[in-house]
Amino acid sequence: MDLSPKQIVHELNRHIIGQDEAKKAVAIALRNRYRRSQLSPELQDEITPKNIIMKGPTGVGKTEIARRLARLVKAPFLKVEATKYTEVGYVGRDVESMVRDLAECAIRLVKEEKTQEVSYKATAVAERKIAKVLVETKKDERGETAKEVFEQQIVEGIHSGKYDNTIIEIEVADMPKPLELSPGSGAAIDLGSVFGGLMPKKTKKRKISVKEAKNLLIAEEADKLIDNDAVNAEAIRRAENDGIIFIDEIDKIAGKGNHGADVSREGVQRDILPIVEGCTVMTKYGPVKTDYILFIAAGAFHVSKVEDLIPELQGRFPIQVELKSLTKQDFISILTQPETSITRQYAALLSVDNIDLKFTSDAIEKIAEISEDINNTSEDIGARRLHTVMEYLLEDISYNAGGNDYPVIPVEVNAKYVEEHLANIVKNRDLKKYVL
């Protein structure tokens, strides 16, 4: 997608409040990818992405910025936590698995696109198969021509959803479950992919609704129509050139020390280094070069500092941006501006039970003020604090609402209501100021 940095920031502003510096950095990084793609192959080989470190407290939008960025350009995206990985020689996940996981994301992304392309043809074949089963279940003495007309009528009925809840017995592919190599490692082996076409495909009979059978058969037929080799090649190309890996909690492996767990922490950093510098990782879909993958690292850096990372790793993250703690004004914007703001989410949830929920401007201001104060006097968990505050605030309304047989009840939440219902957490907040 050919978007200018300003357009990228504009799109991010629809979902994320503030943090302009971080948005600007990722927008430039993304645009540079497009600029690189327009150059000659010789120059493309020389230009590598400028990786980014985001520093800031939890809940201020670090992950969301990266996730929305990837979604914006339909790039393969993977979020990992640095603490999940261990140094080579220790039991646990090795850092190369993040590249293998990115390849899986890319495969899934490309497969969804290809499935969409062949969905019309696959749907027609699936509906015809289900129609044949339904015709067999309706025993009649019609002639061949009459049967064809009857089958066509059933196909039209299946397409319109007329038979969605009808139960039929149909043969579907029996997918073997992947074997987990070691408990908790996250690594699994698919026997079908290992033996390729040597193992005969098993099928089994299942009694399921027409709607479920249609979805299963469409997936089967689409799989037959898709060229898997082309999917693999395109997925690897996208993973290498468009992939984004977001390494969270990188500050947790930045501790300095020469004993205990610190040895493993520095070892993880040294293992991450070649991945970020550029190497080739073998996956079951083929080799993946990491030279042009964009890496975005993030951490709160409360205890450790960015400077505590090994110098070589720091050098591979030349762009550092600091995300600020959320203010009262930020909370007001979060509650009102995004298309799917938390206030709109609760209003939509309660509308199911015929509650017409409205928030006054003074209520929004009060919620924002309380959220900011709690973050200042206890742990700063950023925008996640709003979930705690809103749950306390709307607990009574959510509990008493129920049953859509009642007429629509208008409920207005104002500043007085907020003060009354959040009195307990406000009281606890005031006490925390005096606890050493």
Side-chain angles (χ1 to χ4, degrees), residues 1-3 7-8 11-12 14-16 26-27 29-34 36-37 44 48-49 51-52 62-81 84 93 95-123 173 175 178 186-190 192-193 215-216 218-248 275-276 278 280-296 298:
M1 192 184 288
D2 180 12
L3 291 173
Q7 287 172 319
I8 294 166
E11 288 297 318
L12 292 174
R14 291 172 54 202
H15 306 283
I16 303 150
V26 296
L30 196 65
R31 180 64 184 182
N32 280 341
R33 282 192 153 182
Y34 170 75
R36 175 180 169 269
S37 70
Q44 281 187 33
T48 55
N51 299 318
I52 301 164
K62 299 189 295 291
T63 308
E64 196 61 18
I65 286 171
R67 185 178 281 122
R68 292 284 177 185
L69 188 76
R71 198 176 295 175
L72 192 60
V73 291
K74 295 181 179 175
F77 173 78
L78 180 73
K79 176 186 181 285
V80 298
E81 289 183 16
K84 292 279 177 73
R93 301 201 74 183
V95 294
E96 285 191 352
S97 67
M98 69 172 75
V99 182
R100 289 192 281 270
D101 291 344
L102 182 72
E104 292 285 353
C105 293
I107 289 283
R108 193 161 56 247
L109 199 68
V110 175
K111 215 162 194 176
E112 281 172 9
E113 287 176 12
K114 299 290 184 188
T115 302
Q116 201 66 36
E117 287 173 17
V118 300
S119 65
Y120 181 79
K121 198 180 281 187
T123 302
M175 300 297 289
I189 187 166
D190 181 4
S193 66
N215 290 335
L216 286 171
I218 287 173
E220 273 183 35
E221 294 304 321
D223 206 39
K224 291 175 189 173
L225 294 167
I226 291 169
D227 179 358
N228 283 325
D229 290 337
V231 167
N232 292 354
E234 173 62 12
I236 285 174
R237 188 196 68 77
R238 283 209 207 170
E240 289 181 340
N241 295 287
D242 303 335
I244 299 173
I245 294 182
F246 182 82
I247 307 173
D248 205 3
I275 304 283
V276 180
T280 302
V281 176
M282 285 306 300
T283 72
K284 65 181 180 182
Y285 306 108
V288 174
K289 284 178 71 179
T290 68
D291 301 59
Y292 308 108
I293 293 171
L294 176 64
F295 290 89
I296 301 175

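- Scanning both residues, Lys289 and Thr280, for their nearest heavy atoms gives CG-OG1, 3.7 Å.
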### Query
Checking side-chain contact (heavy atoms from CB on, under 4.5 Å) for the pair Tyr292/Glu240: CA distance, chi angles, key distance, verdict?
CA-CA 6 Å; Tyr292 308 108; Glu240 289 181 340; 5.8 Å; no
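- The two residues Gly243 and Leu102 come nearest to each other via the heavy atoms CA-CD2, 4.1 Å.
- To the nearest 0.5 Å, the span separating CG on Asp101 from OG on Ser97 amounts to 5.5 Å.
- In this view, Arg100 and Asp94, Glu96 satisfy the salt bridge (Lys or Arg N to Asp or Glu O under 4.0 Å) rule, not counting sequence neighbours.
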#### Entry: Check against salt bridge (charged side-chain N to carboxylate O under 4.0 Å, His left out), Glu104 and Lys284
CA-CA 9 Å; Glu104 292 285 353; Lys284 65 181 180 182; 3.6 Å; yes
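- With Leu294 as the partner, the side-chain contact (heavy atoms from CB on, under 4.5 Å) test is satisfied by one option alone out of Asn32, Asn51, Val26, Leu30: Asn51.
- With sequence neighbours left out, the side-chain hydrogen bond (donor to acceptor under 3.5 Å, both in side chains) criterion links Arg71 to no other residue.
- Remark: the backbone N or O of Tyr285 is not paired with any side-chain donor or acceptor of Asn232 at under 3.5 angstrom.
- Closest non-hydrogen pair, Leu225 versus Ala122, comes out as CD1-N, 4.1 Å.
- Here the closest heavy-atom approach between residue Ala235 and residue Val110 is recorded as CA-CG2, 3.8 Å.
- Annotation: side chain of Asp223 is in contact with side chain of Asn228 (closest heavy-atom distance under 4.5 Å).
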### Message
Please evaluate residues Arg238 and Glu234 with respect to the criterion salt bridge (charged side-chain N to carboxylate O under 4.0 Å, His left out), reporting the C-alpha separation (whole Å), side-chain torsions for both, the decisive distance (0.1 Å), and the verdict.
### Response
CA-CA 6 Å; Arg238 283 209 207 170; Glu234 173 62 12; 2.9 Å; yes
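- Annotation for Gln44 and Ser37: closest pair NE2-O, 3.4 Å, computed over non-hydrogen atoms.
- Of all heavy-atom pairs spanning Leu109 and Lys74, the tightest one is CD2-O, 3.2 Å.
- Between atom CD of residue Glu221 and atom OG1 of residue Thr123 there is a gap of 10.0 Å, rounded to the nearest 0.5 Å.
- Separating the CG atom in Asp248 from the NZ atom in Lys79 is a distance of 4.5 Å, to the nearest 0.5 Å.
- Separating the CD atom in Glu113 from the CD atom in Glu117 is a distance of 7.5 Å, to the nearest 0.5 Å.
- Distance alone, capped at 3.5 Å, is enough to place a donor-acceptor pair between the Thr290 side chain and the Ile275 backbone.
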### Task
For Leu69 and Glu11, run side-chain contact (heavy atoms from CB on, under 4.5 Å): C-alpha distance rounded to whole Å, both residues' side-chain angles, the deciding distance at 0.1 Å, then the answer.
CA-CA 9 Å; Leu69 188 76; Glu11 288 297 318; over 6 Å; no
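- Remark: side-chain polar atoms of Arg36 are not paired, donor with acceptor, to backbone N or O of Thr48 under 3.5 angstrom.
- Atoms CD1 and SG, on Ile244 and Cys105 in that order, are 11.5 Å from each other to the nearest 0.5 Å.
- Two residues are said to be in side-chain contact when any heavy atoms from C-beta on lie closer than 4.5 Å; Asp242 and Val73 fail this criterion.
- Remark: Arg93 CZ to Met98 CE distance equals 9.0 Å, nearest 0.5 Å.
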